[in-house]
Amino acid sequence: MNEPLEDSLFEAPPAAEQERMVEAILFASAEPVSVADMNARMPHGCDASIAVRAVQKRYEGRGVAVVRVGEAWAIRTAPDLGFLMQKETVEVRKLSRAAIETLAIIAYHQPVTRAEIEEIRGVSVSRGTVDQLLELEWIRFGRRRMTPGRPVTFVVTESFLDHFGLESARDLPGLQELRAAGLLESRPAPDAEAEEGSEDDQQDGLFDAEEDVIDDSDD
Amino acid sequence: MNEPLEDSLFEAPPAAEQERMVEAILFASAEPVSVADMNARMPHGCDASIAVRAVQKRYEGRGVAVVRVGEAWAIRTAPDLGFLMQKETVEVRKLSRAAIETLAIIAYHQPVTRAEIEEIRGVSVSRGTVDQLLELEWIRFGRRRMTPGRPVTFVVTESFLDHFGLESARDLPGLQELRAAGLLESRPAPDAEAEEGSEDDQQDGLFDAEEDVIDDSDD
Amino acid sequence: MSDPFEDAPPDVADRLAAEALIVDVDGFEGPLDLLLTLSRTQKVDLRKISVLALARQYLAFIDRAKELRIELAADYLVMAAWLAFLKSRLLLPPDPADEGPSGEELAAHLAFQLERLNAMREVAARLMGRDQMGRDFFVRGVPERVERVRRVTYTATLLDLMQGYARIRTRDEFRPFTMDRDRVFTMEQALDRMRGMIGFAGSWTTLSAYLPDGWTTEPDMVRSATAATFAASLQLVKEGHLEIRQSETFAPIELRRKPKT
């Protein structure tokens, strides 16, 4: 193990050998190493300042780079490969009931203001819920409503359609279809049954309105 | 930062790029990194097992080497340059003769039970010896032996391979010779199949005595 | 192996060696270790070792230890008894009535055990002689921590969405119509109204000023509008748009827009 050290008393190691030494020192050191420190550790006659430049050149374009840190040298990960130092774990969670309902209202009634969502749900919509849907990129801000206060509206996005496998928001099933699919289990009270026709009219009206709205939001 | 990840869904990065990534990952880790782990961190479509071999070749004869440790890979300084690293040298805890022998027996006979270690050494294995090796993470528990009493077995770990610069337990020095000489077979004592005679009792007595000793040392 | 002519008294060198060993008795790791050390004095390959001679050496060692009144652990004595038995088996002609293993078989196994222990010692030494991490080769000095980034993503199905919507719409259908809604001002209505107005409520204004036109004369309508407006105000306070105060019990309730901080 000491042989190179003893040889060196007579003759400096060849350049390639000095480069190996610099490489090993920079690799194993916990801190950047100065040229003086490298020279002190390497056999007599070595010139770390030359060797380190050669090593730096050798690592150009590689996954790690030999960089100068003040008066010292260090090996660092190539800046463009920083993403490898992260291990991403993705956790999929079910959307909360409040968020699903809010999203459904936006999808069926877009563009819709926060006040309108609250009116339909009968409870206030928390900021967190809206933020979450915005972050998921399932909703975005639509045009401001031309009413006092000019409230912002919400509309669903392309990602929303993508995620739910819809071509457009108009493909969302209507109330009648929901009922046919058994999703509206409870039949309305007997006296309300007579009005069913008008109810469906209302539903149609809703979609007519939406069509206009969607056209608006497209420009 | 996520762009490379998304690009990769369509096309794996070129080989040279994959080699850079493996280089960066290995340089950044003090512990060996498994191929699976590398693949998980690299963009989709990368094959770290190919890239790492290319990187290994590239570093041949350099100051640091890409070494295989079990199923994982690591970069280590070239052993002939150890003299440069006085600063980094860590004081290795001096192992007792019993610990060294026990370690060797586990490495060469693994998976091996405590009783088998004791038979080979002719003395009981003290709890402290096993504890020390477990603490160093050089040995771990293997599967239980499917024999009466279902004794636990010991095997050596990846840290053991790493510490001694071994690619796998198959590369243990002298393993082939020992095997060829039949010294790794478990050879039962010739009286095992014989009838219980007085001489056999004595033989049993020898092992009984040992067992007592084990019990003592466990207290 | 069982040459009877070997059964001569051990020579002086053996005796001296045995004494040196006895002084060192604590240094042995059991009888097998002692046997292995003794076998070295034969200066032959372990495969060619004379087990008979070895048994003799061992027994001489035990005798010597007894003479010197050195306490030996029980397993050394057990081994001595076994070796004495082995020695007699090796020396006496085999007894045809005895079905146990022959002396040669027992001796061969002992030789195997010694060879195996010796082999383990040798490879242990080779192992420890290897380049070792932290002594001969080194790991990365500045390992980078691999950050674990935990990303949470949410999911919902179209069915969830439709069920959610159906839930709301069903609720609507069952909204009780028993009340005379003409004379009831709902909180939703009040909220809507307040939202449009709070932007202009820079200074403290009494709650009653916010009641809608036409709801300020009929007592039941005033009650309904006041209750709804008050509830809506609380909601807006909760949302952080409004501030509310009342100087004392039954004093007028006052509202103003929450000042921007």
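The structure displayed is predicted, hence computed values, not measured ones. The basis for the numbers below is simple: all heavy atoms, side chains too, and nothing from hydrogens, waters or symmetry mates. Order of the sequence lines sets the chain letters (A, B, ...), proteins ahead of strands, with each chain counted from 1.
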Region of A:Leu26 that comes under 4.5 Å of a non-hydrogen atom in chain B: neither
Taken to the nearest 0.5 Å, the spacing of A:Arg41 CZ from B:Phe83 CZ works out to 10.5 Å
Rounding to 0.5 Å, atoms OG1 (B:Thr77) and CE (A:Met21) come to a distance of 12.5 Å
For the residue pair [X] and [Y], what are the closest heavy atoms and their distance?
X	Y	answer
A:Leu84	B:Ala24	CD1-CB, 4.2 Å
B:Ile75	A:Phe27	O-CZ, 3.2 Å
A:Glu23	B:Gly63	OE1-N, 2.7 Å

4.5 Å side-chain heavy-atom contact, B:Leu81 and A:Glu17: yes
Over 12 non-hydrogen atoms of neighbours within 6.0 angstrom of [atom1] in [X]:
X	atom1	result
A:Arg127	CZ	no
B:Glu31	CD	no
B:Glu177	CD	yes

In terms of relative ring orientation, are A:Tyr59 and B:Tyr59 parallel, tilted or perpendicular, with 30° and 60° separating the classes? tilted
Ranking A:Ala78, A:Ala30, A:Gly61 by heavy-atom pairs under 4.5 Å to chain B gives rank one to A:Gly61
Interchain contact, B:Ala40 with chain A, by part (heavy-atom threshold 4.5 Å): neither
Pick from B:Arg58, B:Arg20, B:Met38: which one has the most heavy-atom pairs with chain A under 4.5 Å? B:Arg20
